[in-house]
Amino acid sequence: MHNIKEIRTDFDYFKNQLKSRNIDVDIDKIKELDETNRKYIQKKEALESEKKDISKSKDESLFKRSKEISKELETITNEQKQIKSELDKILSNIPNIPHKDVPIGDNENDNVEISKSGNIPSFDFKPKTHYELGEKLNMLDFDLATKTTGSRFVFVKDKLALLERALSNFMLDKHVLTNGYKEISPPLIASENTMYGTGQLPKFENDQFEIKFDENTDRKFLIPTAEVILTNIVKDKIVDLKQLPMRFVASTPCFRKEAGSYGKDTKGMIRQHQFYKVELVSIVEIDKCLDELERMTNCATGILDDLGLPYRKMILCSGDMGFSAEKTYDIEVWLPSENKYREISSCSSCSSFQATRMKTRYKNNNKETLHVGTLNGSGLAVGRTLIAVMENYQQSDGSIVIPEKLRPYMNNLEKISSN
RNA sequence: GGAGAGAUGGCUGAGCGGUUGAAAGCACCGGUCUUGAAAACCGGCAAAGGGGCAACUCUUUCCUGGGUUCGAAUCCCAGUCUCUCCGCCA
């Protein structure tokens, strides 16, 4: 959410900054609503002030006037509220402004590679896809999931289930023990307001699974990522400067409708309605955002280094970034069966964009009240890491060697094979 | 599901129709004292929004939304949430 006070200082500048995102803002409408809103506020405050004076004076001859004011106030307040909510509606649908470092571009083709790491494995046989491997091992079952649930779900069984759990535990341990994150086991359901805070609502309602509750309570949603619930830990708070930075990690299932991706990655478990992800969230002083982004990204790539998986680091172009981000690095892991890199982590700085929505502030040393900076990143997507391990560590006989760092998490199992 | 109790500033907690943006304590910040620290003492300390170049000033906010009243943190109604006891259950 953008601060109207800042927009007001230079409307055209604001409009231009969003052009790189292919967003065309109706700036005249915003300007007009803002001015009308403030006019109403002024009228309102004048009347309120008069009313206040009357009640202080306790002068009975003025009581009649006071009643009139109350009536006037009612209509003015209603109009003011309506204007304000119209303005807020427009503002809440405008994405964050890209940082200067971000390359200008339209879509994923304009993302820029920053670095490559690890050795791409060579096979003296044709590498199989993860779903071929998994089905042959009898440890991935898509048909069964279709029967019990529907498309884009999967049963992970036996040693692959163990591998999935091991990955999650390994990542958590690393982030907690060496990267300084605090482990959280959060609710997997978020309220409407929480979803608004991180920017999933109102614009992306179609991607969310809404939960039906019996009572007429607030709307509730399954979290599409732990980012939602972890970031909102500090919602509506003025946090103590000494508590910053705050770093949280959680391993949770994530639920996404994947609306609009019909026909994309329909085979295998690349794109599912439900998947596990280890998520990193940082709450920092506003001027520490970009440093924290580098740190966080290194925490994510550190996992891939440990697992011996080849990857590359990309910076997303302005047109490909998420709604709340000012700057995003994607980490892409090598998938032999596709002979290309696929996203396994996305780390973003959201500057004060989410904090403004959540009303999360802190006081700096000058006693100014500022919105915090928020960051989130996958460390890593567990489902996709499972795929990457399977494909990169596959053997000609269809078995899968376990990366050494994971073995302690798997009863020292060295290899997954049939039977 | 049945019966009660409550929701006030960063936290604890008073107030129960008018000078209460709100006592007191804690925390925090500044100062005195001290070789330094602690203690003690003195002082400061809410947020959001509007107006103003500024000094400054105005408005709103005591869970949310209505109502009564010239005037509501305080009275009435509805809702949300939390806690305690009983029942049920992982």
Side-chain angles (χ1 to χ4, degrees), chain A residues 1-11 30-92 185-197 210-221 229 232-246 253 283 285-286 352-372:
Chain A
M1 182 78 147
H2 298 286
N3 191 338
I4 184 67
K5 279 166 99 174
E6 282 165 30
I7 298 174
R8 198 184 291 148
T9 58
D10 193 339
F11 286 100
I30 293 176
K31 203 170 178 175
E32 186 204 313
L33 286 171
D34 179 46
E35 278 165 11
T36 318
N37 177 235
R38 282 187 293 155
K39 240 174 241 159
Y40 277 126
I41 289 174
Q42 285 170 40
K43 268 194 215 167
K44 202 173 104 176
E45 289 186 352
L47 288 173
E48 279 167 344
S49 190
E50 190 184 342
K51 191 175 159 185
K52 214 174 178 179
D53 286 342
I54 293 176
S55 86
K56 263 187 192 161
S57 73
K58 299 182 195 173
D59 180 348
E60 284 185 39
S61 67
L62 294 172
F63 287 175
K64 198 174 146 228
R65 170 66 187 147
S66 183
K67 278 203 161 181
E68 283 168 20
I69 291 174
S70 296
K71 278 205 178 124
E72 276 180 69
L73 270 175
E74 201 174 322
T75 47
I76 289 181
T77 304
N78 281 338
E79 284 173 76
Q80 192 268 124
K81 271 187 186 165
Q82 203 198 318
I83 297 288
K84 183 65 169 43
S85 77
E86 202 178 326
L87 179 61
D88 283 344
K89 196 178 164 193
I90 292 173
L91 292 180
S92 61
S185 176
L188 305 179
I189 293 174
S191 68
E192 184 174 14
N193 183 261
T194 294
M195 295 284 279
Y196 174 84
E210 183 167 2
I211 299 287
K212 261 193 185 163
F213 270 60
D214 294 337
E215 310 292 328
N216 295 328
T217 50
D218 286 350
R219 299 172 72 193
K220 311 258 192 240
F221 299 83
I229 206 89
N232 275 284
I233 286 175
V234 292
K235 180 171 74 160
D236 289 320
K237 275 193 92 148
I238 299 181
V239 298
D240 194 335
L241 181 60
K242 283 182 197 148
Q243 291 183 316
L244 300 178
M246 296 166 94
I283 313 294
E285 291 172 65
I286 191 64
S352 60
F353 188 83
Q354 294 179 322
T356 309
R357 291 175 160 248
M358 296 189 299
K359 300 182 174 60
T360 307
R361 293 144 293 166
Y362 69 104
K363 283 193 181 166
N364 67 8
N365 286 321
N366 296 328
K367 294 201 169 180
E368 296 165 304
T369 308
L370 301 172
H371 286 107
V372 298

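Protein chains get the first letters and strands the later ones, always in sequence-line order, with residue 1 at the start of each.
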Looking at every strand, decide which applies to [X] at a 4.0 Å heavy-atom threshold: base, sugar-phosphate, or nothing.
| X | answer |
| --- | --- |
| Arg361(A) | sugar-phosphate |
| Lys237(A) | nothing |
| Ser55(A) | base |
| Lys363(A) | sugar-phosphate |
| Lys64(A) | nothing |
| Lys359(A) | nothing |

Side chain proximity check, Leu244(A) to Val239(A), heavy atoms < 4.5 angstrom: yes
Minimum side-chain heavy-atom gap Lys84(A)-Lys81(A) below 4.5 Å: no
Taking the [atom1] atom in each of [N] and [M], what is the distance between them to the nearest angstrom?
| N | M | atom1 | answer |
| --- | --- | --- | --- |
| rA22(B) | rA47(B) | C1' | 14 Å |
| rC58(B) | rC76(B) | P | 33 Å |
| rC29(B) | rG65(B) | C1' | 39 Å |
| rG17(B) | rU12(B) | C1' | 27 Å |
| rC28(B) | rC45(B) | C1' | 8 Å |
| rG87(B) | rA14(B) | P | 32 Å |
| rG9(B) | rA24(B) | C1' | 13 Å |
| rU82(B) | rC26(B) | C1' | 23 Å |

Starting from [atom2] on [N], measure out to [atom1] on [X] and report it in whole angstrom.
| X | N | atom1 | atom2 | result |
| --- | --- | --- | --- | --- |
| Leu370(A) | rA48(B) | CG | P | 10 Å |
| Glu68(A) | rU69(B) | CD | C1' | 17 Å |
| Phe63(A) | rG71(B) | CZ | C1' | 8 Å |
| Met358(A) | rA48(B) | CE | C1' | 17 Å |
| Gln243(A) | rC28(B) | CD | P | 13 Å |
| Asp236(A) | rA48(B) | CG | P | 13 Å |
| Ile238(A) | rU61(B) | CD1 | C1' | 13 Å |
| Glu48(A) | rG71(B) | CD | C1' | 14 Å |

Pair assignment for [N], Watson-Crick or G-U wobble, requiring both distances under 3.5 Å:
| N | answer |
| --- | --- |
| rA48(B) | rU59(B) |
| rG43(B) | rC29(B) |
| rU68(B) | none |
| rA38(B) | none |
| rG21(B) | none |
| rA3(B) | rU84(B) |

With a 4.0 Å cut-off on N to O distance, would you call Glu72(A) and Arg65(A) a salt bridge? yes
Looking at Glu192(A) and Lys220(A), does any basic side-chain N land under 4.0 Å from a carboxylate oxygen? no
[X] side chain near [N] phosphate (N/O to OP1/OP2, under 4.0 Å):
| X | N | answer |
| --- | --- | --- |
| Lys5(A) | rG49(B) | yes |
| Gln42(A) | rG51(B) | yes |
| Arg8(A) | rG50(B) | yes |
| Arg38(A) | rG51(B) | yes |

If you only use heavy atoms from C-beta on, which nucleotide in [options] is closest to the side chain of [X]?
| X | options | answer |
| --- | --- | --- |
| Ser70(A) | rG49(B), rU59(B), rG71(B) | rG71(B) |
| Ser49(A) | rG50(B), rU59(B), rG71(B) | rU59(B) |
| Ile41(A) | rC28(B), rG50(B), rU60(B) | rG50(B) |
| Thr369(A) | rG50(B), rC70(B), rA48(B) | rA48(B) |
| Lys67(A) | rG50(B), rU60(B), rC70(B) | rC70(B) |

Indicate whether any N or O donor in one side chain lies under 3.5 Å from an N or O acceptor in the other, for Lys44(A) and Thr77(A). no
Strictly by modelled atom types, are Glu285(A) and Asn364(A) linked by a side-chain donor-acceptor pair under 3.5 Å? no
Ignoring hydrogens and angles, does a donor from either the side chain of Glu45(A) or the base of rG51(B) sit under 3.5 Å from an acceptor on the other? no
On RNA chain B, more 5' by nearest nucleotide between Asp34(A) and Lys81(A) is Asp34(A)
Of Glu74(A) and Lys56(A), the one whose closest nucleotide on RNA chain B sits nearer the 5' end is Lys56(A)
Candidates Asn232(A), Thr194(A), Asn193(A), Asp236(A) - the one meeting side chain to side chain contact (heavy atoms under 4.5 Å, CB included) with Met358(A): Asn232(A)
Derivation and outcome, side-chain contact (heavy atoms from CB on, under 4.5 Å), residues His2(A) and Phe353(A): CA-CA 7 Å; His2(A) 298 286; Phe353(A) 188 83; 3.7 Å; yes
